[in-house]
Amino acid sequence: MLEIVNVVGSGSLDAEFDLERVAADIGSIADYDPDKYPGMYLRFAEDAPLITVYRTGKYIVTGADSEAEAQAIRERFLDLLADNGMITAPDDEWFRIQNFVCTAELEEPLNLNALAIGLGLESTEYEPEQFPGLIYRPTGADSVVLLFASGRVVITGSPNLDEAEETFTALQEAVTDLLTVD
DNA sequence: TAACTAGCTTCTTATATAACAATGCATG
DNA sequence: CATGCATTGTTATATAAGAAGCTAGTTA
């Protein structure tokens, strides 16, 4: 079973922003420091997802734990802009989820050295002195998997939930096969 | 020398290691 | 009161994606 821990989405508004002015108008929920980074950060509450807004009208939502939450934050953001007269047509834009980050549990300890060979050295990277997880890039998938000795797994880079689920299912089967072989 | 490309910055999130800093508590 | 050990806390390491803007390097 997958648990979504982070959702990243991006959209584009048909408008140019003077971020200095926008940040001043919006107030304390906005954080803009162009010397540090060209984007303006916007967070509705302390633990709420982060919206990064750019001069060009493009924006990113990060830190949501479901697609619905990302969409809800996006709508709240558009309402805020509309209420302040910063945009006129809140609907003529696209918004798409770009990355789902999920965690899952294989429910048994993993021998990462054996798994690096079993899954294929050409599609895995395992350097425990650099990072304790094994990095697995299944061929033909956008998703990248991080496997840990505890049996916990992180699946990231998935453009949709179906792919994340398929990646995990395929991984479960591959791991099961490898365990029954030896 | 200009134009282009590639790589880095910022942020989010789980995962797990080591290395370090800072503090708590006990013993001499 | 000082020293030693333990615990807690922070940072680094790595992964993906979006974005703008800067720098460094290559090429014509």
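Values below: all heavy atoms of this structure, side chains included; hydrogens, waters and symmetry mates excluded. Numbered from 1 within each chain, the chains take letters A, B, ... in sequence-line order.
- Taking for each of A/Phe131 and A/Tyr37 the nucleotide of DNA chain B with the nearest heavy atom, the 5'-most of the two is the partner of A/Tyr37.
- Distance from the side chain of A/Val8 is smallest to C/dG18 among C/dA19, B/dT17, C/dG18.
- The 5' end of DNA chain C is approached more closely, in terms of each residue's nearest nucleotide, by A/Asn6 than by the other of A/Asn6 and A/Thr56.
- The nearest whole Å value for the distance from the CG atom in A/Leu42 to the P atom in B/dT12 is 13 Å.
- At the heavy-atom level, A/Ser150 lies under 4.0 Å from the strands shown only through sugar-phosphate atoms.
- Remark: C1' of C/dA19 and CG of A/Asn99 are 14 Å apart, rounded to the nearest angstrom.
- Judged by distance alone, with hydrogens and angles left aside, the side-chain atoms of A/Asn160 form a donor-acceptor pair with the main-chain N or O of A/Asp162 at under 3.5 Å.
- Between A/Thr62 and the phosphate of C/dG18, there is no side-chain N or O to OP1/OP2 separation shorter than 4.0 Å.
- With rounding to whole Å, A/Asp33 atom CG is found 18 Å from C/dA20 atom P.
- Going from atom OH of A/Tyr41 over to atom P of C/dG18 covers 16 Å, rounded to whole Å.
- The CG atom of A/Leu106 sits 12 Å away from the P atom of B/dA16 (whole-angstrom rounding).
- The shortest distance between the side-chain N/O atoms of A/Arg152 and the OP1/OP2 oxygens of B/dA14 is not below 4.0 Å.
- Heavy-atom nearest nucleotides on DNA chain C were determined for A/Gly57 and for A/Val101, and the one closer to the 5' end corresponds to A/Val101.
- Note: CD1 (A/Ile60) to P (C/dA16) measures 17 Å, nearest angstrom.
- Across the protein-nucleic acid pair, A/Glu163 atom CD and C/dA16 atom C1' stand 11 Å apart, rounded to whole Å.
- To the nearest angstrom, P of C/dT13 lies 15 Å from CZ of A/Phe148.
- Among the nucleotides B/dC11, B/dT12, C/dT15, the one closest to the side chain of A/Glu125 is C/dT15.
- Of the candidates A/Leu81, A/Leu80, A/Val22, A/Asp31, A/Leu80 is the only one forming a side-chain contact (heavy atoms from CB on, under 4.5 Å) with A/Leu42.
- Of the candidate nucleotides C/dA17, C/dA14, B/dA16, C/dA17 has the atom lying nearest to any side-chain atom of A/Gln98.
- The shortest distance between the side-chain N/O atoms of A/Arg55 and the OP1/OP2 oxygens of C/dG21 is below 4.0 Å.
- Using bins of under 30°, 30° to 60° and over 60° for the plane-to-plane angle, the ring pair A/Tyr59/A/Phe95 lands in the parallel bin.
- Comparing C/dT15, B/dT13, B/dT17 against the side chain of A/Arg137 picks out C/dT15 as the nearest.
- For the pair A/Arg43 and B/dT12, the criterion of a side-chain N or O lying under 4.0 Å from OP1 or OP2 is met.
- Side-chain N/O atoms of A/Gln130 include none lying less than 4.0 angstrom from OP1 or OP2 on C/dT13.
- Heavy atoms of A/Leu146 sit under 4.0 angstrom from at least one base atom.
- A/Val154 comes within 4.0 angstrom of a base, heavy atoms only.
- Taking every heavy atom of both residues into account, A/Ser12 and A/Lys58 meet most closely at OG-CG, 3.7 Å.
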Inset, instruction - Would you please test A/Ser158 and A/Glu163 for side-chain hydrogen bond (donor to acceptor under 3.5 Å, both in side chains) and show each step? - result: CA-CA 6 Å; A/Ser158 314; A/Glu163 198 197 294; 4.8 Å; no
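- When heavy atoms are screened at a 4.0 angstrom cut-off, A/Thr156 is found touching base atoms of the nucleic acid.
- Screening A/Thr62, A/Ile97, A/Val61 for a side-chain contact (heavy atoms from CB on, under 4.5 Å) involving A/Val7 leaves a single residue, A/Ile97.
- The shortest distance between the side-chain N/O atoms of A/Thr52 and the OP1/OP2 oxygens of B/dC11 is not below 4.0 Å.
- Contact between the side-chain N/O atoms of A/Lys36 and the OP1/OP2 oxygens of B/dC11 is found at a separation under 4.0 Å.
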